[in-house]
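Contents: one structure, followed by commentary.
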There are 2 protein chains.
Amino acid sequence: MDPICNIKKCLYDELQQITLIVAGHNKCRVQTDKENSLKLKVVNIAKMASASDIVFDALRQAIIKGELADGEPLRQDEIASLFNTSRIPVREALSRLEQQGLVRTERYKGAFVAGISTDEVAEIFNFRSLVESTVIAAAVMKIKPGTLAEARDYYEIFSKTQDPMEWGELNRKFHYTLYKDSELPFHLSIINNTLDRVDRYLRAQLTMTDGVPKANKEHLGILQACEDGSAERAADLTQEHILGAKDVLIEFLEKHRRPA
Amino acid sequence: MDPICNIKKCLYDELQQITLIVAGHNKCRVQTDKENSLKLKVVNIAKMASASDIVFDALRQAIIKGELADGEPLRQDEIASLFNTSRIPVREALSRLEQQGLVRTERYKGAFVAGISTDEVAEIFNFRSLVESTVIAAAVMKIKPGTLAEARDYYEIFSKTQDPMEWGELNRKFHYTLYKDSELPFHLSIINNTLDRVDRYLRAQLTMTDGVPKANKEHLGILQACEDGSAERAADLTQEHILGAKDVLIEFLEKHRRPA
DNA sequence: ATTAATTATATTGGATCCAATTTGCAATAT
DNA sequence: ATATTGCAAATTGGATCCAATATAATTAAT
């Protein structure tokens, strides 16, 4: 139980650099120093996820992947027993999800998966086209060598993969790869939160109407613009890509969705 | 205790429309119907704030007004006794604030007011100029008659008021008034969250360097563009206004702030 | 005297318990 | 039959308690 004893034991086992978990919580990197004495150095501490973090991530994933239907109630007891915790971490997770807009709660009634109207979907896509085109333009200027290769990899996999469940994930990774060199962390986090709100509809539309070939073609255009170092073209194509996706998605939703 | 008894009692007291609180919670509007019989109608139900909502709002206000300094620890016990609650609602409020980026938490160490670097401030202002200019352009097209008068009121008060504490509030209200007719709720909520992150720095700069005359002049320009129905000019001026404010603020921060 | 080890205290994370509220259902009255 | 009332189950909001961890203070060791 004592963390120091734990470390000593590990150090006697392996006298080089090791990674261990102290008392089951903080992850520490431990090294012997140059004289090989048993001094320890905490090189890197990674925050271990709390129960509420785990619940939050799991629910978030389930919602954005569309595994939980819009409006579905999220019972605290149910979720708590699912994760073998009490309701306290569940409630914290739910209140965070509400803050992000993925969940809607009513006092004494509980939390529900927050569906969004077609109008809101349209608005969000307009927002995306505005922000993402700006970000990709900024990214192209300082794009790193490995990034283009990485993006091309995602592009290739995206065009080849048959599993519809992976399309959403790959699509997102492709775009994010091209955005991340912009070094605009605030913009990136906004983009991520925004995508969370519409990802499940996008996934549904991609799989049910086979929007992959079109998306794929447009991805190639964006990728080539980045490879050419043309920020303006990358921005324009990104804008078109998103606004085009909006139209397809709206049409899809109006057909497949009973008005809420 | 019984809500029905409560309502009956109120109805015998006053036979016209009344507002009452049932069992201390939901607020209901109650009316007699046309025959003046004692039937009740729940006209409007307003969700009563939970303890966690109250704590959330109060902490949020304290942070964005700058009453709590960056990095200041937010002790659960302290806050709980301040609001006469247990730590549970406090923790929910803190996790929501963290999700919004106003608070940073470290496991087993607690929550702290999340300060942001000068780079982040700059990035956020660039983001604001992008989004807010777009929104004001959309708003100008469908601006309602009362809105212009309302905005002009805020402009007048802003130019006259002497209390530095009110400047931040009035500045925000002025802009929000001009944005709200855009009917873009998603954009508006993003703008609000974004402003929350930088509002306290803006307030500090406004009061300490007397940036009011400049802001005021620019507000007038924006207002006139809206009155003229010129979406493009309103957007351009908004962009200039925000980017100009960014430069002043950055300079201010670099002078008055020890590097974190 | 300085460094390491130990203890004590403060603080957070989580579990369990209780109170307030909603909701569905049965019973009653009109 | 229909509307109203009363009651019970389900569910959430919050309080209190305990465990895990971090930090400060103290003691021991060299």
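Everything quoted here is computed from the prediction, not taken from an experiment. All chains are named by letter (A, B, ...) in the order of the sequence lines, taking the proteins before the strands, and each is independently numbered beginning at 1.
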**Report entry** Polar pair under 3.5 Å, donor/acceptor by atom type, side chain B/Arg91, base C/dG14
**Finding:** yes
Query raised in the report: Under 3.5 Å, is there an N or O donor on one side and an acceptor on the other linking the side chain of A/Arg87 and the base of C/dG14?
Result: no
Query - Residues, nucleotides or ligands: over 12 heavy atoms within 6.0 Å of B/Glu78 CD - result: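 Check fails, neighbour count at 12 or below.
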Whole angstrom value for the distance that separates [atom2] of [N] from [atom1] of [X]:
| X | N | atom1 | atom2 | value |
| --- | --- | --- | --- | --- |
| B/Tyr108 | D/dT23 | OH | P | 13 Å |
| B/Glu106 | C/dG13 | CD | P | 11 Å |
| B/Arg107 | C/dG14 | CZ | P | 6 Å |
| A/Phe56 | C/dG13 | CZ | C1' | 18 Å |
| A/Phe83 | C/dG14 | CZ | P | 13 Å |

Requested in this report: Hey, could you give me the CZ/OG distance between A/Arg75 and A/Ser81, rounded to the nearest 0.5 Å?
Outcome: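 Answer for the CZ-OG pair, A/Arg75 versus A/Ser81, is 13.0 Å.
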Query raised in the report: What is the distance from atom CZ of A/Phe56 to atom CD of A/Gln100, rounded to the nearest 0.5 Å?
Result: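 Atom-to-atom, A/Phe56:CZ and A/Gln100:CD are 5.0 Å apart.
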Query raised in the report: Which heavy atom in B/Trp167 sits nearest to a heavy atom in B/Leu206, and how many Å separate them?
Result: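 Looks like CZ3-O, 3.7 Å.
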Measuring from the side chain of [X] (C-beta onward, heavy atoms only), which nucleotide among [options] has the closest atom?
| X | options | result |
| --- | --- | --- |
| A/Asp77 | C/dG13, D/dT12, D/dG14 | D/dT12 |
| A/Arg75 | D/dT23, D/dT11, C/dA15 | D/dT11 |
| B/Ile88 | C/dG13, C/dT16, D/dT16 | D/dT16 |

Query raised in the report: Does OP1 or OP2 of C/dT23 have a side-chain N or O of A/Lys109 closer than 4.0 Å?
Result: yes
Requested in this report: Return no unless some side-chain N or O of A/Gln76 is found under 4.0 Å from OP1 or OP2 of D/dA10.
Outcome: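 No, A/Gln76 has no side-chain N/O under 4.0 Å of OP1/OP2 on D/dA10.
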Requested in this report: Hey, which sits more toward the 5' end of DNA chain C by its nearest nucleotide, B/Gly110 or A/Thr85?
Outcome: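 By nearest-heavy-atom nucleotide position, the 5'-most residue is B/Gly110.
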